[in-house]
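Quick one: this structure, given as structure tokens, is what I'll be asking you about.
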Amino acid sequence: MSLITVIWSSAIGASLLLAWIHFLIWMRNRHSWANLCFFFAVLSVVWLAMGEMASMRAETAAMYSNIARWQHLGNGLAMIASMAFIHFYFGTGRKPLLFFAVALRVLAVVANFTTGENLHIKQLLEIDTVSFLGEEVTILGNLIVNPWVKLGQLAALVQFIYVIDATLRFWNIGGWDRRRRALLIGMGLAVFGIYTTLHAGMMISQVIRLPLMTSLPFFVVVMGMGYELMRDMIRSSQLAQDLQESEHRLSLASDAAQFAVWEWDVVSDVIRTTKNGRQLYGVSSKERLGLAQFTETVHPDDRAMVDEAIQLAATSGRYAVDYRVVLPDGSARWIAASGMMTYNNEGKPSQLRGISIDVSERKKAESEAASLRRELAHLSRVGILGELAGSIAHELNQPLAAMLNNAQVARRNMDQPPVNLTETCGILDDIADDAKRAGAIIHGMRAMFKNDVTTVPQPVDLDECITQVISLLRNELISRKTTVEYQARAEGLIALAGRIEIQQVLLNLILNALDALDSSNDFSSRVIVITAHAENSKAILQIRDNGPGIPNDILARLFEPLISSKPHGLGLGLSISRRITQHFGGTLTAENHPAGGALFVLSIPTAPDINQDLPSRLDKTS
Amino acid sequence: MIEELSTVFIIDDDASVRRSLRRLVSQAGWNAQDYASAEEFLLSLKNPLLNPTCIVVDLQMPGLSGLELQTELAKRNCECPVIFISGNATIASTVRAMQQGAVTFLVKPFEPIELLNAIEQAIEKCRAVLATVAKLRVIEMRVAALTMREREVMSWVITGALNKQIAAALSIVEQTVKVHRARVMEKMCVVSIAELVRLCDAIGFLPAGTADESS
């Protein structure tokens, strides 16, 4: 068997195999354009190799010339495919230069079919033979050169410039991996370009006497390209394996930590999640998941909130929301979800990725704690009222006594005509007024006894609040020889809180002050001073007494439960008061006034733009 | 009760209660005067009292409390009886009030008739006190009319000593003692030694010897 047949056939076989592989790869992933370019480049090797074998055995000049003409088509395919490969694989080529080079090559191929016998030869006068690899093969003899050969050389030059430029730019990005590829593929193609031009030039000028032989060098270059593509494939399969492993680890971790990982493709509206994610939301493993299916699992009351959170994530990029999920069996589960939004090139939301955790236990504990706190606050309120029972009885007995006296006088008046109508009317008016007074006291007390809590802060008139507390304590203050000076009144100061809760805090602070004053021996001028003012959208209430102040060893821990400076104090009042204040976003602090006595500062958020009338405020919020 | 109009002083910081008390008292036929605080009352108080009066006072008031007013009155030797009314009476304050001589202690709301009865009783008590005081004042005036020597003799007479013994004690003659004794009996408007002893006892005029021992 001839050596030429063996070598060229092997190249053809290997090329066909490579072409088949990369065509299959491209079929599976239509975006891998580099593989398609490689497929065409390898096909051109097959074409060229087959043409060369035929030309070596051409028997007439016409036959040789015809074969050479078709070789130019294969050559054109090789050049365009390799330039396209550079374009897709390096991504650094200049597009205008590429189009220019491709256009020149196409023109060259057109000229090849339209001028002379082919692009290089106007007319082949005779053929010759030479001994090559132990065989007599056909080569060019006398010929007339086609002037259009310059077009082919120009196309080769532009192609060379394009490849060198793209390669250098790719090289300059840096990195060992890139530079190897630039060297292997870019330089390979450049050298091949020079080789073919020189080879053709020397052949037609008969400087060398060799048969057509471009397929083998191109085969070498193509092998370099294939090598790099293979490396990429190996690497991506390694990455895929790593990814799978990391997904597996994540799945294990999420199972163990009981959180679910999910991903929502905004554009295609597909939600992907792990197996435990589906379990968490009570959806079957087969069902297709989109936003609508997800929303269906959310508790109807929480859907608006979740929707809002998604809207917010679209603009802010962050997603965080707690909501309830209704499981198929009708039970509810609290979920805390958080995630991040990613955006596409146009800045539109593309994917929301995050995790969901079952927080039912925590929510349950929180709600239990909240109800305990409410109960404690209520008990403390009832306790205060118990402490004040005597004073309140006195306050109630005043109007009752007056009413009894007045009724007696009126009754006797009736017995002694003529009845003094003017006096009787005055008496009846007084009775009515006193009945109202008693009613108001009972009403105020009932509110304090009730065990309900202001969950949503409401506007509270602080001046009214303070005045009521002082009047509730009137008798207590008298019997304990203490005056309350309510200076710098809170007129028009509206806080956002709960009326009963604020009164409870005030009662607590004033009663504490009374206890502190009782512990001092000075009876002459026991004073509690209350002031109120607004500051940075907060209402600041200050309650100061002229007692002995707070002992330094207690001051730091004053608000902790079970800390009390009183001999019989439970130490709950202040801790409850602080919690109440914090519930409404306020603060409660204590210090000793430089001039003596304790000073408590209560700060509560005020209602925003309270000066505007109510309807316009509602418009704003709606 | 007919000859002079008795006055009831009403002291309560609650305007409505005060007004109702005034109506009640006026209707019962007494002269009512009301005050919003104990301090205000003390400023207008005329001591000693001319007519029978009584005070109706709330136990708890800003400033001087009812109990403090009672103490203050005692300091000023005012015989005006006190009736306490209170909406919130503790055992301690009740005991103290009664110990200091309160007529009664009413817890609001009380039956108006109870208060009227108490006022009646207090005014009678005041009247009796005033009458006693008036009688004593007469005796004191009689004693004041005695000379030093006569008072000295009287202090011996009420011990039951004989003229001879008195003369010895005072180092004077028996005849002079007789004269002084007759003068004493005349000025004190008594006819018997027993009567003289009772008068002296009423105003706290001590017999001779006991004063020395106590001083």
Side-chain angles (χ1 to χ4, degrees), chain A residues 387-416 419-420 422-438 441 470-471 473-485 523-527, chain B residues 8 10-30 32 34 36-39 56-69 83-94 96 105-119:
Chain A
E387 233 176 280
L388 292 176
S391 292
I392 293 165
H394 183 271
E395 286 301 296
L396 261 180
N397 287 334
Q398 295 283 52
L400 291 180
M403 282 156 79
L404 263 178
N405 294 343
N406 279 325
Q408 168 82 6
V409 174
R411 181 73 189 78
R412 286 242 186 117
N413 263 350
M414 299 294 165
D415 293 342
Q416 301 165 349
V419 179
N420 181 343
T422 324
E423 201 201 1
T424 312
C425 279
I427 288 172
L428 290 177
D429 284 349
D430 275 3
I431 291 178
D433 286 348
D434 279 326
K436 280 183 209 153
R437 175 149 68 118
I441 294 166
I470 295 174
S471 81
L473 287 168
R474 204 187 71 98
N475 203 260
E476 195 70 19
L477 293 167
I478 290 168
S479 64
R480 289 163 90 163
K481 299 271 177 208
T482 306
T483 19
V484 167
E485 283 175 18
F523 285 86
S524 56
S525 55
R526 297 176 160 190
V527 183
Chain B
V8 178
I10 298 159
I11 311 166
D12 197 311
D13 57 316
D14 190 301
S16 175
V17 172
R18 215 158 59 224
R19 208 155 51 239
S20 74
L21 287 174
R22 200 177 59 216
R23 285 192 188 114
L24 192 67
V25 168
S26 305
Q27 193 180 49
W30 289 296
D34 59 285
S37 70
E39 287 89 341
V56 177
V57 64
D58 192 357
L59 195 66
Q60 286 152 323
M61 288 180 294
L64 276 187
S65 71
L67 284 174
E68 285 162 332
L69 173 68
I83 297 166
F84 284 105
I85 51 176
S86 171
N88 177 31
T90 60
I91 292 174
S93 59
T94 316
R96 206 181 131 202
F105 198 114
L106 296 175
V107 177
K108 290 178 192 173
F110 42 80
E111 278 293 331
I113 193 72
E114 281 182 49
L115 178 67
L116 294 176
N117 289 341
I119 293 174

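Note on naming: letters A, B, ... go to the chains in the order of the sequence lines (proteins, then strands), and numbering restarts at 1 for each one.
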Inset, instruction - Under 4.5 Å, counting heavy-atom pairs only, tell me which of B/M61, B/R23, B/R18 racks up the most with chain A. - result: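 The residue among B/M61, B/R23, B/R18 with the greatest pair count is B/R23.
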Legend entry - Part of A/N413 within contact of chain B (heavy atom distance under 4.5 Å):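 Both parts, heavy atoms under 4.5 Å.
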Inset, instruction - May I ask you to decide whether A/R411 forms a salt bridge with A/D415, counting only side-chain N to carboxylate O separations under 4.0 Å? - result: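 Salt bridge present between A/R411 and A/D415.
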Legend entry - Test side chain to side chain donor-acceptor pair (under 3.5 Å) applied to B/S20 - qualifying residues, sequence neighbours left out: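 So B/S20 forms a side chain to side chain donor-acceptor pair (under 3.5 Å) with A/N405.
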Inset, instruction - Identify which of B/Q27, B/R19, B/Q60 forms the greatest number of heavy-atom pairs closer than 4.5 Å to chain A. - result: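 Among the listed options, the one with the most contacts to chain A is B/Q27.
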Inset, instruction - Sort out for me which of A/Q416, A/R437, A/E395 touches chain B most, counting heavy-atom pairs under 4.5 Å. - result: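 Looking at each option in turn, the highest pair count goes to A/R437.
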Inset, instruction - Could you tell me which portion of A/L477 (side chain, backbone, both or neither) has an atom closer than 4.5 angstrom to a non-hydrogen atom of chain B? - result: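 When you check distances to chain B, no heavy atom of A/L477 falls under 4.5 Å.
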Inset, instruction - Pick one of side chain, backbone, both or neither for B/L59, based on which atoms fall under 4.5 Å of a heavy atom in chain A. - result: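 No part of B/L59 comes within 4.5 Å of chain A.
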Quiz: residues 111-119 of chain B side-chain donor-acceptor pairs under 3.5 angstrom, not counting sequence neighbours:
{"from": "B/N117", "atom 1": "ND2", "to": "B/I113", "atom 2": "O", "distance (Å)": "3.4"}

Inset, instruction - Please answer whether the main-chain N or O of A/R480 pairs with a side-chain N or O of A/R526 as donor and acceptor at a distance below 3.5 Å. - result: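 Checking the backbone N and O of A/R480 against the side chain of A/R526, a donor-acceptor pair under 3.5 Å is found.
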Inset, instruction - Could you check B/I83, B/L21, B/V25 and say which one makes a side-chain contact (heavy atoms from CB on, under 4.5 Å) with B/V8? - result: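 When B/I83, B/L21, B/V25 are each tested with B/V8, the side-chain contact (heavy atoms from CB on, under 4.5 Å) holds only for B/V25.
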Legend entry - Test: B/K108 and B/D14 ion pair at under 4.0 Å: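 Salt bridge flag = no for B/D14 with B/K108.
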Inset, instruction - Would you mind checking which part of A/N406 comes under 4.5 Å of any heavy atom in chain B, side chain (CB onward), backbone (N, CA, C, O), both or neither? - result: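 It is both, since atoms from each part get that close.
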